There are 2 protein chains.
Amino acid sequence: MTTARTPTRAASTRGRRPGRSAGDDRELAILATAERLLERRAFGDISIDDLAKGAGISRPTFYFYFPGKDAVLLTLLDRVIEEADAAAGDVLDRLAEDPRARWRELIARFHATFGGHRAVVLACAQVRGTNAEVRRLWAEVLERWVRAVEAAIEGERRRGAAPDGLPARDLAIALNSMNERVWYATFAGDGPAVAERDVVDVLLDVWLTAIYRTTTPPPA
Amino acid sequence: MTTARTPTRAASTRGRRPGRSAGDDRELAILATAERLLERRAFGDISIDDLAKGAGISRPTFYFYFPGKDAVLLTLLDRVIEEADAAAGDVLDRLAEDPRARWRELIARFHATFGGHRAVVLACAQVRGTNAEVRRLWAEVLERWVRAVEAAIEGERRRGAAPDGLPARDLAIALNSMNERVWYATFAGDGPAVAERDVVDVLLDVWLTAIYRTTTPPPA
DNA sequence: GACGACAGTCAACACCCTGTCGACTCCCCT
DNA sequence: AGGGGAGTCGACAGGGTGTTGACTGTCGTC
C-alpha cells in the first residue's frame, strides 16, 4: 500500500512521561485493563476508577499516566492502526499481478486486523462522536487509506484494466466508507449485518464491480 | 418502497402523558430547543438543564415530560424516519419504468431528508454507540430498508435486468451501509468526504454497478 | 552519609451532572 | 366548595471527573 505512515505522532508518548523508568509496567497495566474491560462493557460504562483498580493503582495515580480515559483508547487505537498498516503492506503496488487476488488480500488483511481487536475498534467508533482527538486521528488515517486506494484505481485505469467513471477519489471514499460501516455492523452484531464468514467476499464483490464493472479483472 | 412502516411504536407517546392538555407546548418546546441546540454543539455537551432552560422550565420539570435526554433525541429520530419513509414512497415498486432514474430518486430523497435534519442524524449516529434504545430503533429501521432493497434487487434479477451475483440481502446491506457512512461523513465534514453536491451521483454509480454491472440498466 | 530532586502515590476536596422525592399551586369537574 | 390530577420546582443523594498538596522511596552527587 506504500502508505508511508507519516510520523504525525509518536504513538508511544500518548501517556505522559518521556521517562524510561520502571513505572512503565503501570502504563501497560492500564492499557491491558482497558482492552480487557472493553470486551465486556461499553467504553462509557468504564470509569477511570475501574481502569485504576484494574491496574492496581488509585484513581489520582491514573492521571499521572494518562490525561484521561480517552487518551487510553487513543493509545490502543494507535496500535491497531499501526498493525493494520503493517498488514496491508504493499499489496496495492502489486495489483497488476492479479487484481482480484490482491484486492481480496487487502480487504482480508484489514478484516483480520480489525477483527482481532474488535473491542477497541467498536469503542473507537462509538467515541468518535464525542471525542475530537479520536475523530481527528481516524480522519487522518482514513485519508491515508483513501489516497492509497485512489492512486491504485488510477493506476488500474491507466493500464486499461479499469474503465473511466467516477473521480477515483470519490470512489475510494465510498468504498472505504462501506467497508468501515459493514465491518462495524458485523462486529457489533446489532442491526442487519453480513455474516462474518462472508463479509470479505461481499465487500470484494462490490469493490470489483465498482472499479472494473466485472468481478474478474484482467492481470497485466 | 412499500415499506409499510409496521406500527412498532406510536412515535408520539415517546414522552409520557397519554394526556391531551395544554402542557403539550412544553413538550414541543423541549423538542425544538433540542434540535436548535444540536445545531451548535454535540449531544453530549447539552445538559438536561440546557434543555429545560431553553423550554422555560426547571430541570425537575423536564423529567415530567421525558424520562431523560435520550428520549428527546429518540422522538426527534422518530420524526426523521417517518419523513424519510414518506419521501421514499413507492419508488422501488416502479423500478422497471426506468431503473437508473428510480434508484436515483430513492437515493436523492433520502439524501434530502437526512440533509434537512443533519443535526439530528449526526447526533443519533454519535449516540447509537452509547444508547441501546437508539441502537435498537435504528437497527429496526435499517432492517426494513434493507429488506425493501433486497426485494427490489431480486425483482430486477427476475426480470433479467440484473445479473445474478451476491445474495441480494448481503448486497443490500453493503449498499445501505455505504450510504449511511458516506452521508455521515459528508454531513459531519470531518475526515475524507464526498462533496455534498456530488454525493447522490457517487452513491448511485456504486449502486448501479454493484447491482447491474453497468450504469445504464435497461427499462422494462 | 546527608541532601536535593524527582518519579510515583493517594486522601481529600470542589465541581458538575443526573435522577428522585415531597411539597406546593392551579384549574377543572362534580 | 372541594377533591383530584396536571404541572411545577427546591432540595437532596449519588456518582463521576479532575486537581491539589502532602507523603514516600530512590536515585545521583558532593
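What you see is a predicted model, and the numbers here were worked out from it, not measured in a lab. Chain letters run A, B, ... following the sequence lines, proteins first, then strands; residues in each count from 1.
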So that I can tick it off, tell me whether [Y] and [X] are bridged by a salt bridge, with the cut-off set at under 4.0 angstrom between side-chain N and carboxylate O.
{"X": "Arg41(B)", "Y": "Asp50(B)", "answer": "yes"}
{"X": "Arg104(B)", "Y": "Asp201(B)", "answer": "yes"}
{"X": "Arg169(A)", "Y": "Glu143(A)", "answer": "yes"}
{"X": "Arg79(B)", "Y": "Glu83(B)", "answer": "no"}
{"X": "Glu105(B)", "Y": "Arg109(B)", "answer": "yes"}

Hey, what's the ring geometry for His111(A) with Phe187(A), parallel, tilted or perpendicular (30° and 60° as the breaks)?
parallel
Geometric class of the Trp183(B)/Phe114(B) ring pair [parallel <30°, tilted 30-60°, perpendicular >60°]
perpendicular
How many whole angstroms separate atom [atom1] of [X] from atom [atom2] of [N]?
{"X": "Lys53(A)", "N": "dC10(C)", "atom1": "NZ", "atom2": "C1'", "value": "11 Å"}
{"X": "Ile57(A)", "N": "dG8(C)", "atom1": "CD1", "atom2": "P", "value": "11 Å"}
{"X": "Ile30(A)", "N": "dG8(C)", "atom1": "CD1", "atom2": "C1'", "value": "12 Å"}
{"X": "Phe64(A)", "N": "dC6(C)", "atom1": "CZ", "atom2": "P", "value": "12 Å"}
{"X": "Asp70(B)", "N": "dT18(C)", "atom1": "CG", "atom2": "P", "value": "10 Å"}
{"X": "Lys69(B)", "N": "dC16(C)", "atom1": "NZ", "atom2": "C1'", "value": "13 Å"}

Any sub-3.5 Å donor-acceptor pair from [X]'s side-chain atoms to [Y]'s backbone N or O?
{"X": "Asp90(A)", "Y": "Asp93(A)", "value": "no"}
{"X": "Arg59(B)", "Y": "Asp49(B)", "value": "no"}
{"X": "Thr186(B)", "Y": "Val194(B)", "value": "yes"}

Checking Asp85(A) against Trp145(A) for the side chain to side chain donor-acceptor pair (under 3.5 Å) test, could you report, in this order, the C-alpha distance in whole Å, the side-chain angles of both residues, the deciding distance, and whether it holds?
CA-CA 9 Å; Asp85(A) 277 331; Trp145(A) 291 340; 2.9 Å; yes
Under 3.5 Å between N/O atoms: give me all the protein pairs with nucleotides 22-28 of chain C, atom names plus distance.
none

Could you pull out the protein-nucleic contacts involving nucleotides 19-24 of chain D (nitrogen or oxygen on both sides, under 3.5 Å)?
none

When you measure from every atom of DNA chain C, which of residues 32-52 of chain B have a heavy atom less than 4.0 Å away?
Ser47(B), Ile48(B)
State whether Thr61(B) places a side-chain N or O below 4.0 Å from either non-bridging phosphate oxygen (OP1 or OP2) of dC9(D).
yes
